[in-house]
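So that the names make sense, note that chain A is the first sequence line, chain B the second, and so on, each numbered from 1. Only this structure's heavy atoms are used, side chains among them; waters, hydrogens and symmetry mates stay out.
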There are 2 protein chains.
Amino acid sequence: MDFDPDGSIDHAGPVPPYRQLAGILAARVGRGDWQPNRAIPSEAHLVQEYGVARATVRRSIAVLVDQGVLFVVPQRGTYVKGPALP
Amino acid sequence: MDFDPDGSIDHAGPVPPYRQLAGILAARVGRGDWQPNRAIPSEAHLVQEYGVARATVRRSIAVLVDQGVLFVVPQRGTYVKGPALP
DNA sequence: TGATATTTGTACGTATGTATT
DNA sequence: TAATACATACGTACAAATATC
């Protein structure tokens, strides 16, 4: 599955929003919207930007954490995974 | 962490309910309440039995699926993982 | 020192969809 | 046809840690 980094969420289609958002965010990481070891927008921001519930945002992030694309620092933010820091 | 298979959920303590329930269910599996390749009670049943939200039950199950204790068959039920069937 | 804002963690309840029985 | 069971999503609330002022 390939997603458009500039796409929006389709609440009617067969692909659940959390998968769409995971794909969109992954595409944005791949495009370089956010650099390695830098924070992506907060969950609250993504809720506003994509018009989904926070639980949906968190589920999308969980998918990408599982895939090794992002990592979360509690009470700090969610970051783009990069090469190990020396 | 070890949990009492006959314990209940403490909503006040420091251990979040989803972890408590995961521990309790794991203890019940270990004790043999449910046999391998047999279904455990439904999510709705566990909601009633332990007095937590369904999201909490699902989160507990997700932990145990991740640990290889249970597996889920959509629209069928949640099962105790056992040795591979011949 | 204290207060406030931000951010993620957890939990609740409710609703609808889909597949199976 | 109806009931059951899991999948997904919404909104809301409060806690805890961190950052800032």
statement: Ranking dG9(C), dA7(D), dT10(C) by distance to the side chain of Gln75(B), first place goes to dA7(D)
query: Starting at NE2 of His11(A) and ending at P of dG17(C), how long is that distance when rounded to a whole Å?
result: 15 Å
message: What is the separation between atom CZ on Phe71(A) and atom P on dG9(C), rounded to the nearest whole Å?
response: 13 Å
- prompt: If you count the non-hydrogen atoms of other residues, nucleotides and ligands that lie under 6.0 Å from CG in Asp10(B), is the total more than 12?
  reply: yes
query: Hey, is the side chain of Thr78(A) poking within less than 4.0 Å of OP1 or OP2 on dT7(C), counting only N and O atoms?
result: no
- request: Would you mind reading off the distance between Gln48(B) atom CD and dG13(C) atom C1', rounded to a whole angstrom?
  value: 13 Å
- prompt: Among the nucleotides dC6(D), dT8(D), dT8(C), which one has an atom lying closest to any side-chain atom of Tyr18(A)?
  reply: dT8(D)
field: Selection from dT8(D), dG13(C), dC6(D) that lies nearest to any side-chain heavy atom of Arg19(A)
entry: dT8(D)
- prompt: Between atom CG in Leu64(B) and atom P in dC6(D), what is the gap in whole Å?
  reply: 14 Å
Closest-nucleotide ordering on DNA chain D, the 5'-leading residue of Ser42(B) and Val15(A): Ser42(B)
- prompt: Could Arg28(A) and Glu49(A) be called an ion pair, given the rule that one side-chain N must be under 4.0 Å from one carboxylate O?
  reply: yes
- prompt: Under 3.5 Å, is there a donor-acceptor pair between the side chain of Glu43(A) and the main chain of Arg58(A)?
  reply: no
- request: Would you mind telling me which of dT8(D), dT10(C), dG11(D) lies closest to the side-chain atoms of Arg54(A)?
  value: dT10(C)
field: Side-chain N or O of Thr56(B) closer than 4.0 Å to phosphate OP1/OP2 of dT10(C)
entry: no
message: Rounding to an integer number of Å, can you tell me how far Leu21(B) CG sits from dT10(C) C1'?
response: 14 Å
- prompt: What is the distance from CD of Gln20(A) to C1' of dA7(D), rounded to the nearest Å?
  reply: 15 Å
message: Please determine whether a side-chain nitrogen or oxygen atom of His45(A) lies at a distance below 4.0 Å from atom OP1 or OP2 of dT6(C).
response: no
task: Using only side-chain N and O atoms of Arg76(A), determine if any of them is under 4.0 Å from OP1 or OP2 of dA19(D).
output: yes
message: Between P on dC12(C) and CD on Glu43(B), what's the gap in Å once rounded to a whole number?
response: 14 Å
task: Compare the minimum distances between each of dT10(C), dC10(D), dA5(D) and the side chain of Arg58(A), then state the nucleotide with the smallest one.
output: dT10(C)
message: Regarding Asp4(A) and Arg31(A), does a basic nitrogen lie under 4.0 Å from an acidic carboxylate oxygen?
response: no
query: Pick the nucleotide of DNA chain C nearest each of Ala55(A) and Ile61(A); which residue has the one closer to the 5' end?
result: Ile61(A)
- prompt: What does Arg59(A) touch in the nucleic acid at a heavy-atom separation under 4.0 angstrom: a base, only the sugar-phosphate, or nothing?
  reply: sugar-phosphate
query: Whole Å only: how far is the CD1 atom of Ile40(A) from the C1' atom of dT7(C)?
result: 12 Å
query: Okay, side chain of Thr56(B), backbone of Val52(B): is any donor-acceptor separation there less than 3.5 Å?
result: no
